[in-house]
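Numbered from 1 within each chain, the chains take letters A, B, ... in sequence-line order. Every value quoted in this text rests on a predicted model; they were computed, and no experiment measured them.
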Protein chains: 2
Amino acid sequence: MTARPTAHGSPQDEHVVVCALGSAPLTDAPLDEEDALALARVLAALADPVRLRLVSIVAAHGEVCSCDLEIPLARSQPTISHHTRVLAEAGVLVGEKRGRWTWWQVVPERLTELRRILGG
Amino acid sequence: MTARPTAHGSPQDEHVVVCALGSAPLTDAPLDEEDALALARVLAALADPVRLRLVSIVAAHGEVCSCDLEIPLARSQPTISHHTRVLAEAGVLVGEKRGRWTWWQVVPERLTELRRILGG
DNA sequence: TTTGGATATCGACGTCCGTCAATAGGAGAG
DNA sequence: CTCTCCTATTGACGGACGTCGATATCCAAA
């Protein structure tokens, strides 16, 4: 897997193509297919009630470990892991492994990009 | 269908529950399940490359009729009709029937709501 | 009224997604 | 090393979604 070692080994440094979302606001000019696909992928990651609540919980706490998400979201551990993975691949979350725990943070710049493309 | 007659008969005046999206920004406080579901529905409507390009085309022209969408989106007429319906039910588009044609416009307030909830 | 064109609905098909049980991988404690 | 706990992956199942052909509905022009 050609793991590139980092400070504490961020688990989604590899295999994650967080595309730049650099298109103009969609209210300004028609999106081409490539930009539309990239934007749709990020929106799809957020278009799930469990993932939205997950993001809001992480944002509210600043940093949250996976084990603290099972109870408030009422989902099994594999399902939580699935959702954090989807959000990380969309660039909305970043995770850092510390000891046995994985700590998740939101990426505010990603949400800023979204707000910009949504037509300001 | 108990059609309520309007000025020129807006086709999605009926059966469309455009919920208010009145929750606080998701970066401020955890979303409850109801708000998360409402937000997820709107995001899901936008989380499709064809619908994103559709919205951007309508926004760029200010007003567009369905028949002008088949060619640029390269989709069949039923598919276009399906997508406009989904976007209208999400409150992103409004349609007005004039003669034989349906003219679509974006609802800028809806995008503003989205930007607000996405954390500003 | 009849005809033609624009839009909406229906039914079907293939694919993708959310979910969980079972299992594997990893890291600290003893 | 072994044990235990936390996280990730796999495989499977049911439901939702995008798409199109066929059909229905609606409106205006002739």
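Contacts of Ala40(B) classified as side-chain contact (heavy atoms from CB on, under 4.5 Å), with partners at least two apart in sequence or in another chain: Pro49(A), Leu52(A). Applying the side-chain contact (heavy atoms from CB on, under 4.5 Å) test to Ala44(B) and every residue at least two apart in sequence or in another chain returns Ala47(A). The side-chain contact (heavy atoms from CB on, under 4.5 Å) check on Thr112(A) picks up Arg115(A), with sequence neighbours excluded. A search for salt bridge (Lys or Arg N to Asp or Glu O under 4.0 Å) contacts involving Arg41(B) returns nothing, not counting sequence neighbours. In this structure, the side-chain contact (heavy atoms from CB on, under 4.5 Å) partners of Glu33(A), at least two apart in sequence or on a different chain, are Arg53(B).
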Indicate for each nucleotide in nucleotides 17-30 of chain C, in 5' to 3' sequence, whether protein heavy atoms under 4.0 Å reach the base (B), only the sugar-phosphate (S), or nothing (-).
-SBBBB----BB--
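Set against dT9(C), dA8(C), dT7(D), the side chain of Thr102(B) has dA8(C) as its closest nucleotide.
From one end of the helix from dT1(C)-dA30(D) to dG30(C)-dC1(D) to the other, with five pairs defining each end axis, the axis direction shifts by 20° (rounded to 10°).
Taken residue by residue, residues 54-63 of chain A places no heavy atom nearer than 4.0 Å to DNA chain D.
As a whole-Å value, the separation of Leu73(B) CG from dT19(D) C1' is 13 Å. Distance, Leu93(A) CG to dT7(D) C1': 15 Å, rounded to whole Å. In this entry the distance linking CD of Glu70(A) with C1' of dA8(D) reads 13 Å, nearest Å. The distance between atom CD1 of Ile71(A) and atom C1' of dC6(D), rounded to the nearest whole Å, is 14 Å. Following rounding to the nearest Å, Glu89(A) (CD) and dA8(D) (P) show an atom-to-atom distance of 12 Å. Note: CH2 (Trp103(A)) to C1' (dC6(D)) measures 12 Å, nearest angstrom. Rounded to an integer number of Å, the gap from Leu87(A) CG to dA8(D) C1' is 16 Å. Look at CD1 on Ile80(A): it is 11 Å from P on dT7(D), rounded to the nearest Å.
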Could you list the donor-acceptor pairs under 3.5 angstrom formed between side-chain atoms of residues 81-88 of chain A and any protein atom two or more places apart in sequence or on another chain?
unit_1, atom_1, unit_2, atom_2, d
His83(A), ND1, Arg51(A), NH1, 3.1
Thr84(A), OG1, Ile80(A), O, 3.1
Thr84(A), OG1, Ser81(A), O, 2.8
Arg85(A), NH1, Glu89(A), OE2, 2.5

Solution key, residues 60-71 of chain B side-chain donor-acceptor pairs under 3.5 Å, sequence neighbours excluded:
unit_1, atom_1, unit_2, atom_2, d
His61(B), ND1, Ile57(B), O, 2.9
Glu63(B), OE1, Arg98(B), NH2, 3.0
Glu63(B), OE2, Arg98(B), NH1, 3.3
Glu63(B), OE2, Arg98(B), NH2, 3.0
Ser66(B), OG, Trp104(B), NE1, 2.8

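Under a 4.5 Å side-chain heavy-atom cut-off, the cluster of Ile, Leu, Val, Met, Phe, Trp and Tyr residues that includes Trp103(B) is completed by Trp101(B).
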Could you go through Arg110(B) and Glu113(B), starting from their C-alpha distance and side-chain angles, then the distance that decides it, and tell me whether this counts as salt bridge (charged side-chain N to carboxylate O under 4.0 Å, His left out)?
CA-CA 5 Å; Arg110(B) 199 62 167 173; Glu113(B) 283 183 307; 3.0 Å; yes
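Between the Thr102(A) side chain and the Lys97(A) main chain, no donor and acceptor come within less than 3.5 Å of each other.
The shortest heavy-atom contact between Leu93(B) and Val107(B) is C-CG2, 4.0 Å.
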